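Beneath this line is the structure, given in structure tokens, with notes to follow.
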Amino acid sequence: MNNKLKKDFYTRNVLAVAKDLLGKIFVYQESENSEKLMARIVEVEAYDGNIDEAAHTFIGKTERNKIMFEEGGFLYVYFTYGKHFCANIVTGVKDHGTAILLRGMEPISGINKYAFNRFAKREITEKEKINLLNGPAKICQAFNLDRKFNGTNLIANKIYLLNSDKIPGDKIVQTTRIGIKKSVELPWRFYIKDNKYVSKLAK
DNA sequence: ATCAAGATTACCT
DNA sequence: GGTAATCTTGATA
């Protein structure tokens, strides 16, 4: 009944966790009596400051990125482009500086809530449903994730992941990442093949 | 104190 | 396919 992912899922190598994150269920429950918002992770990108110039941690520890240097199992939420928040899953052991950007999700429950947060209305079309969670900043807007959530412990009860069947390798697409200018050649974006909620298909 | 860049999105043609 | 919007962060002085 309780198939929440535990610490040891997160403390592994960032690329292994990134691949395994596909298909897992992201859960956010604001308080004990509030509705559970749930969505299936369908697209992620790995960042590793040790060898990856695009990672926020490539420059070393700063006030913004310090949570990425903790051991795996925390949320890293950052603000960018004057408008947007993006959420990441911290991975690895302490001082690794690795994390995984959540780029695309398939809504499971809380669709009216996502719709309200994204479009200020509760009833949406099928086309708008696809547009709820198919981008890193869209996910944060839909779940209302902002800087208050930076450092959230994923082993606790507010935000966590539920296990699910592993996605077979032939259903996973591995390709280059989106929206970066450095280390563009690293094939560290992973998504579920033929899933409608992926933000952008590989060329 | 000032500056440039940014793990994006929505809207335009 | 192109780009304006918008402001925090980290670096430099």
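It should be emphasised that the depicted structure is a prediction, and the values quoted were computed from it without experimental measurement.
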Looking at Phe85(A), does the NZ or CZ of Arg147(A) lie under 6.0 angstrom from its six-membered ring centre and within 45 degrees of the ring axis? no
Connected via hydrophobic side-chain network under 4.5 Å: Ile192(A) and Met38(A): no
Do the charged groups of Arg12(A) and Asp20(A) touch, with an N to O distance under 4.0 Å? yes
Sole candidate of Asn131(A), Ile139(A), Ile178(A), Val42(A) that passes side chain to side chain contact (heavy atoms under 4.5 Å, CB included) when paired with Ser199(A): Ile178(A)
May I ask you to decide whether Glu30(A) forms a salt bridge with Lys158(A), counting only side-chain N to carboxylate O separations under 4.0 Å? no
Between atom CZ in Phe58(A) and atom P in dA7(B), what is the gap in whole Å? 14 Å
Taking Watson-Crick (N1-N3 plus N6-O4 or O6-N4) and G-U wobble (N1-O2, O6-N3), each under 3.5 Å, can you produce the dot-bracket string of DNA chain C? Use [ ] for crossing pairs and | for inter-strand ones. |||||.||||||.
So, is His84(A) close to the dT9(B) phosphate, meaning a side-chain N or O under 4.0 Å from OP1 or OP2? no
Return the stacking result for dA7(B) and Tyr78(A): yes when the ring centres lie under 5.5 Å apart and the planes under 30°, no otherwise. no
Quick one: on DNA chain B, does Lys83(A) or Lys182(A) contact a more 5' nucleotide (nearest heavy atom)? Lys182(A)
If only side-chain N and O atoms of Lys181(A) are considered, is one of them under 4.0 Å from the OP1 or OP2 phosphate oxygen of dG6(B)? yes
Under 4.0 angstrom, heavy atoms only, what part of the nucleic acid is Tyr47(A) near: base, sugar-phosphate, or nothing? base
Side-chain touch Asn117(A)/Phe143(A), heavy atoms, less than 4.5 angstrom: no
Heavy atoms of chain A, cut-off under 4.0 Å: which first and last nucleotide of DNA chain C, 5' to 3', fall inside that, if you could look? dA5(C) to dA11(C)
Can you find a pair of side-chain heavy atoms, one from Arg40(A) and one from Leu162(A), that are under 4.5 Å apart? no
So what does Ile180(A) touch, heavy atoms closer than 4.0 Å: a base, only the sugar-phosphate, or nothing? sugar-phosphate
